[in-house]
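Every number for a ligand or one of its atoms is a count from 1 in the order of the listing. Atoms considered below: every heavy atom in the structure, side chains included; atoms not considered: hydrogens, waters and symmetry mates.
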Amino acid sequence: MAKRIAILGTGYVGLVSSVGLADFGNTVTGVDLRADIVERLNEGHPTIFELGLEEYLRRNIDAGRLTFSTDGAAAIRESDIIFLAVGTPPAADGHADLGQVEGAARSIADNLNGYKVVVTKSTVPVGTNRLIQAIIAEQAGVTPGEDFSVVSNPEFLREGKAVQDFFHPDRIVLGYEDDRAREYMEDVYRSLYLIQTPFVWCNLETAELIKYASNAFLATKITFINQMANLAEATGADIHLIAKSMGMDGRISAKFLHPGPGYGGSCFPKDTRAIAATGDQYGVDMSVIKEVIRANESQKIITVGKLVRLMGGSPAGRTVAVLGLAFKAETDDVRESPALEIVRELLVEGAIVRAYDPEAIDNFRTALLGEGPFGGKLDPARRDRIAAAAEERMHYCTGEFEALDGAHAAIIVTEWNNFRNLDLDRAATVMSGRVLFDARNVLDPDAAKEHGFTYAGVGR
Ligand code: NAD
């Protein structure tokens with residue numbers, strides 16, 4: 001039976017889930033504290049860039065199954081199931097900041113007018129679903145399993161492929177405690193059941209840790225291949241063939257073996273820090289993950305250092321084209337994007353930066369100064385230096401050739417298809433220098449060299 005669902009938080013996860021669950025036939029209200037987001041969504045305009053999202057959004061609004069509201073209380077009262085898709089940003093000590101999760105749990109407690117299932121989609125440290133359970137039980141004076149149930153349903157969607165991932169997930173993980181909650185979740189995901197998506201039913205703690213273990217492992221895999229690429233480069237080996245051959249081994253798999261400027265995004269950096277902090281809290285050695293975090297930061301510095309070396313020394317007074325600002329292709333998300341540190345460093349070193357990204361310029365503009373929801377923390381003195389330099393020397397461009405115009409050097413930071421198919425003839429004509437640093441290995445090195453570029457990739 002289709003359910004009435006409220007989804008608290010309409011960011012990347014909440015919006016895609018709202019649209020997807022409505023498309024399964026459920027009646028969904030997406031709730032956000034931000035009135036501007038809610039207004040745009042009700043008009044059928046996605047507030048994030050994701051392939052296919054607009055079509056699904058409009059289709060489900062038109063079918064009357066999907067609305068958006070700032071009135072969380074009403075949405076909770078009218079729903080059988082409440083999904084938490086609020087943010088869990090990193091706190092200063094590395095732990096996940098659970099302020100939004102706790103706030104959402106309190107508003108559920110205030111509006112519990114009958115049995116409801118509370119489903120956590122946000123990535124939360126082990127123990128958080130029990131905390132949510134305790135907050136609701138205490139504040140509303142009710143009994144878990146009788147008056148409400150808590151389910152842990154971590155989300156694995158990849159930004160850039162979020163809609164596709166929602167409808168074709170590798171698996172659905174559900175941590176639960178009672179059969180009534182399980183039946184509700186079977187109803188919610190019936191469409192995925194029918195296409196034989198694997199379902200993993202487990203306890204709350206296991207579900208919570210599956211999410212962190214998965215992200216920490218992927219971050220480790222990326223960091224491993226980045227270090228191998230650095231070694232290949234130092235020794236004259238070709239990381240492309242190394243990764244390809246490693247990937248032929250079924251135990252390893254070819255995915256996530258692409259070297260680059262270091263991982264970024266809204267998940268890997270914060271989730272690796274959070275699981276390391278959880279290890280400390282429980283007195284368990286998480287040294288592998290801690291080293292991954294350190295090595296990833298160092299990869300960003302290695303990337304800038306290599307660009308400066310390719311330019312033959314200080315970039316001061318010279319123009320660098322930065323192609324790609326998003327943390328990966330097909331998204332406008334710039335949270336912890338390697339481009340942030342690369343551009344900041346170039347500006348501090350005195351370079352003139354001409355940057356282009358197909359989708360992420362607006363988000364990058366605020367994030368560069370450590371502001372806005374995607375900002376990250378910046379030391380105030382460094383922020384002022386970057387702000388002054390950006391005012392003077394940062395140019396956002398409307399296309400890759402505008403960014404390359406007059407540039408002494410170019411760096412590809414994000415693997416957008418535009419850059420994979422870069423017209424090297426035209427690039428060589430508009431640039432004033434010939435340094436081309438392909439930090440994502442998306443170009444053919446021989447073709448770049450034939451066009452007279454001083455080309456460098458990563459690890460080959
Ligand atoms: P986000 O920051 O883009 O969105 C969170 C939204 O929640 C914001 O719009 C905020 O205004 C809203 N919000 C906060 N408190 C609220 C409340 N009480 N009621 C209603 N709305 C509220 O976050 P996101 O990227 O969608 O991530 C959400 C969670 O999902 C995080 O825990 C994240 O780790 C996890 N996750 C994210 C991804 C991803 O690719 N972005 C993938 C898997 C899991």
With only distance considered, is Asp333 within less than 3.5 Å of ligand 1 through an N or O on each side?
-> no

Check: Glu155 N/O within less than 3.5 Å of ligand 1 N/O | no

Is Ser266 near ligand 1, meaning one of its heavy atoms is under 4.0 Å from it?
-> yes

Contact check: Thr10 vs ligand 1, nitrogen or oxygen atoms, below 3.5 angstrom = no

Check whether the ring centres of Phe24 and Phe166 lie less than 6.0 Å apart, and answer yes or no.
-> yes

For Gly103, is the nearest heavy atom under 4.0 Å from an atom of ligand 1?
-> no

Of all the heavy atoms in Arg158, does at least one lie under 4.0 Å from an atom in ligand 1?
-> no

Judged by atom type as modelled, is there a donor-acceptor pair below 3.5 Å linking the side chain of Arg393 to the main-chain atoms of Leu347?
-> yes

Do any nitrogen or oxygen atoms of Val13 come within less than 3.5 Å of a nitrogen or oxygen of ligand 1?
-> yes

Any N/O pair Gly9/ligand 1 closer than 3.5 Å | yes

Of all the atoms in ligand 1, which lie at a distance below 4.0 Å from a heavy atom belonging to Lys211?
-> 43 (C)

Could you tell me whether Arg34 and Asp32 have a side-chain N and a carboxylate O separated by less than 4.0 Å?
-> no

Can you check whether Val304 reaches Glu341 side chain to side chain, under 4.5 Å on heavy atoms?
-> no

Quick check: does Arg34 get an N/O under 3.5 Å from an N/O on ligand 1?
-> no

Does a sphere of radius 6.0 Å around CD in Glu55 hold more than 12 heavy atoms from other residues, nucleotides or ligands, not counting ones at 6.0 Å or beyond?
-> no

Any ion pair linking Arg294 and Glu291 (charged N to carboxylate O, less than 4.0 Å)?
-> yes

Quick one: does ligand 1 sit under 4.0 Å from the side chain of Arg335, the backbone, both or neither, non-hydrogen atoms only?
-> side chain

Under 4.0 Å from one or more heavy atoms of Thr88, ligand 1 contributes atoms 31 (C), 32 (O), 34 (O)

d(Leu369 CG, Arg383 CZ) to nearest 0.5 Å is 5.0 Å

Taking heavy atoms and a distance under 4.0 Å, where does Leu157 meet ligand 1: side chain, backbone, both or neither?
-> both

Please could you name the atoms of ligand 1 that Ala85 approaches to less than 4.0 Å, counting only its heavy atoms?
-> 5 (C), 28 (C)

Please indicate whether any nitrogen or oxygen in Lys121 is less than 3.5 Å from any nitrogen or oxygen in ligand 1.
-> no

Checking heavy atoms under 4.0 Å, the part of Cys267 that sits near ligand 1 is side chain

Can Arg130 and Glu177 be counted as an ion pair, charged N to O under 4.0 angstrom?
-> yes

Salt-bridge contact Asp187-Arg190 (side-chain N to carboxylate O under 4.0 Å) = yes

Using a strict 4.0 Å threshold on nitrogen-to-oxygen distance, state whether Lys211 and Glu208 make a salt bridge.
-> no

Region of Ser122 engaging ligand 1 - heavy atom pairs below 4.0 Å = both

State yes or no: are the ring centers of Phe327 and Phe364 separated by less than 6.0 Å?
-> no

Using distance alone, decide if ligand 1 has a nitrogen or oxygen within less than 3.5 Å of any nitrogen or oxygen in Lys270.
-> yes

Can you find an N/O atom of Glu159 closer than 3.5 Å to an N/O atom of ligand 1?
-> yes

